[in-house]
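Have a look at the structure below before the remarks.
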Amino acid sequence: MSIVIEAANLVFQPYVLLVIFGAAAFGMFVGAIPGLTATMATALLVPVTFFMDPVPAIATIVTATAMAIFAGDIPGTLLRMPGTPASAAYVQDAYAMTRQGRPEAALGASLVFSSIGGIFGTLVLISASPVLAEIALKFSSFEYFWLVVLGLSCAVFISPGSPARGLIALFIGLFAATVGLDNPAAVPRYTFGSVEMMGGVQFIPAMIGLFAVSEVIRAFIKRASDVRPPSTSGKSIFRQQATNLVTYPVQALRGSVLGTAIGALPGAGADIAAWISYAISKKFSKTPEKFGKGHVEGLVEAGASNNGAMSGAWIPALVFGIPGDSITAIVIGVLYIKGINPGPMVFITQPEMIYAVFIVFLLANVIMLPLGWIAIKGARHVLSIPQKVLMPVILMFCMVGSFAINNSVFGIGLMLFFGVIGFLMEENDIPIAPAILGLVLGPMLEQNFVTSMIKSDGSFLAFFERPIAAGLGLFSIAIWTIPLVLWLLHRRSARQSLT
Amino acid sequence: MRVTDLTLGLLTLLGGIAIYLSAINFHAIPGQDYGAGTMPRAIAFVTGLVGIFMITKAVIAGERLPGLQLAEWTRSGGAVLRMFAVLGLIVAYIVVSPLLGFLPTAFCVMLVAMLILGVRIPTAIIVSAITSVVIQQSFGKLLLVPLPRSDFLNFFW
């Protein structure tokens, strides 16, 4: 108990609290700008943390990251420009809610359930991190392969329209992910002699192109006829979420649990978690037909999962010093600089520091509520700007955001290419979202597939020989085969009833 | 610009064949059967299957010839021009911004885009100017993104 009090004393200092508020505002600003990511916010803060003590340094990064991930939902909800691949999972519903005049309800759900997921993940981090980290480390390439397949399958099946069109979108994304040098044999693929293509297709310009530029093209075609969404409802943001919490408690809990569990797997992270949670939410919903048309249920579950995964990613980082994602990789570096060596021994040698980090996590997720409320109240005014003024400004933000990824106009070229592809895809009812997940998870799928094939000497049976891999594999296969079997049975019974 | 199911199926199948052919020369990891060509070939195989599935489904549904249905907006010359204009503006930014710098290029691109959409000239000028400076200050100065500089507007940096 004395350790917790000591840790609280380290955190509840005016300087640390001020730093937390400053970092929160910075994270909110970076996250809300399309093209800028939570990872970029973290990287930009590293030089600032050099001048700080360990606790405020970590507090800065943790708070900015949590805030940036939520703020990524703001352009997604208002303008259909998701800030992260994770928020792309539910952007269809969030944007549909905005068009129905309920942007505050969508953003409020995203805010409150992100906070709930984040707090849940932190509590798991505090209470069960060593146990979870042990399980996570048992995952080998076979289990990761099936986990990625599961995430990609969910993306195909939650998409509106036919699974065949969803698959086409997925393969566009997977094919784009094969471009460059990042492959098991390090052979340049589809680079056409371009040095920049060797670096592969970055997902941020591709995502901006597929979602935002295609929307801008459509607005230009319709001459942005000032189709304004209906006026927003006057209900309080938090009161609406109290209703959601009473209506969807199971979804919030399921999203938090699944998000934390997937987040704890090094390299898996929030992207897969949000997509699988959204798919599960749709599968077990009483009203699955409402998904994608402005229904809050998927947002509740995937939003909780998204931030739960962010906290979960810290489990292997703190317990073993293994980064779960790019943000924790940067943070591990900062921890070393500050003399905190992440690993099992840190819980014994510097327990007050670790507990201080835990308190900061809880604070960041609580502080997100009032600051998020302010951001939502401010951001909704974007919708009152006439479309014909807003669209050119969005186009410029898209170009600068794409440029900022590699500080090269190549990113803008990529954005343009994917903008045209996205426009053509939507004209043909091909969903965009699976292409994004294919692009993000393609390298992970390839790496784990090729590694597993080499390890097993080409035997597919090896993919089912380990218990967790077998379970995930059978589940993934069931997702594909059960609907097909049900469809065949349905056709057969329909034919019999006709004869 | 909507293609029929049969056309989409054919395009998907052709895409699968093209990916397979392009992957033939990708080498495996030395001493292994797998490598750079494994993933593209797997993608090609499943893409081809999806193409065949879509063609079969379209033929069963009665489609006999591939076709293209033009969307309503393609009949309006203005809409088609505006579509090409927005693509042209992005290309113009890519080409011109390294030469002229961010501020004048961004200003011109936004101004032209607003005028195309029918914004009044004074409003378009004011909004384009303010937005260009705000983006330059936030990205260029605060977030240290090396946006292309203009020699004659150095005092902004």
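The sequence lines fix the lettering, A, B, ..., with proteins before strands; numbering per chain opens at 1.
Put simply, of B:Ala28, B:Gly37, B:Ala113, the one with the most heavy-atom pairs under 4.5 Å next to chain A is B:Ala113. The residue among B:Met110, B:Met83, B:Arg82 with the most heavy atom pairs within less than 4.5 Å of chain A is B:Arg82. Ranking A:Ile412, A:Asn183, A:Leu424, A:Thr178 against chain B, the residue ahead of the rest is A:Ile412, based on heavy-atom pairs under 4.5 Å. When the candidates B:Val80, B:Val95, B:Leu111, B:Asp5 are compared by the number of heavy-atom contacts under 4.5 Å with chain A, B:Asp5 comes out ahead.
Proximity to chain B involves both the backbone and the side chain of A:Leu174, based on heavy atoms less than 4.5 angstrom apart. Only the side chain of B:Ile135 comes within contact range of chain A, judged by heavy atoms closer than 4.5 Å. Interface remark: B:Leu147 contributes backbone and side-chain atoms alike to the contact with chain A (heavy atom separation under 4.5 Å). For B:Ala23, the parts lying under 4.5 angstrom from a heavy atom of chain A are both the backbone and the side chain. Using a 4.5 Å cut-off between heavy atoms, A:Pro188 contacts chain B through its backbone alone, with no side-chain atom that close. For chain B, the nearby parts of A:Ile217 are the backbone and the side chain; heavy atoms of each come within less than 4.5 Å. In this structure, chain A has a heavy atom under 4.5 Å from the side chain of B:Val127, while its backbone stays farther away. Using a 4.5 Å cut-off between heavy atoms, B:Ala71 contacts chain A through its side chain alone, with no backbone atom that close. Heavy atoms of A:Phe449 lying under 4.5 Å from chain B belong exclusively to its side chain. A:Phe417 does not touch chain B: none of its heavy atoms, backbone or side chain, sits under 4.5 Å away.
Counting heavy atoms from C-beta on, the side chains of A:Met391 and B:Val86 never come closer than 4.5 Å. Residues A:Met399 and B:Val109 have side chains in contact (heavy-atom distance under 4.5 Å, counting atoms from C-beta outward). At least one side-chain heavy atom of A:Tyr190 sits less than 4.5 Å from a side-chain heavy atom of B:Ile19. Under the 4.5 Å side-chain criterion, counting only non-hydrogen atoms from C-beta, B:Ile90 is in contact with A:Val213. Put simply, the side chain of B:Met54 reaches to within 4.5 Å of the side chain of A:Arg165, judged on heavy atoms.
Heavy-atom minimum distance, A:Ala164 versus B:Val50: O-CG1, 3.9 Å. The minimum heavy-atom distance between A:Lys388 and B:Met114, with the atom names listed, is O-CG, 4.0 Å. The heavy-atom pair separating A:Ala219 from B:Leu117 by the smallest distance is O-CD2, 4.3 Å. When all heavy atoms of A:Val187 and B:Ala36 are compared, the closest pair comes out as CB-CB, 3.8 Å. Closest heavy-atom contact between A:Met453 and B:Tyr34: CE-OH, 3.5 Å. Contact record, A:Val409 with B:Ser97: CG1-OG, 4.2 Å, taken as the closest heavy-atom pair.
If you take CG on A:Asn428 and OG1 on B:Thr7, they are separated by 9.5 Å, rounding to the nearest 0.5 Å. A:Asn407 contributes atom CG, which lies 10.0 Å from atom CG of B:Leu144 (distance to the nearest 0.5 angstrom). Summarising the geometry, atom CD1 belonging to A:Ile172 is positioned 11.5 Å from atom CD1 belonging to B:Ile43; distances are rounded to the nearest 0.5 Å. Considering CE of A:Met396 and OG of B:Ser128, their distance stands at 8.5 Å, rounded to 0.5 Å. To the nearest 0.5 Å, atom CG of residue A:Asp457 and atom CG of residue B:Asp33 are 8.0 Å apart. Separation of atoms CZ (A:Phe403) and CZ (B:Phe102) is listed at 9.5 Å; rounding is to 0.5 Å.
Shown here is B:Ile24, whose CD1 atom has more than 12 heavy atoms of other residues, nucleotides or ligands within 6.0 Å.
A centroid separation of 6.0 Å or more is found between the aromatic rings of B:Phe45 and A:Phe171.
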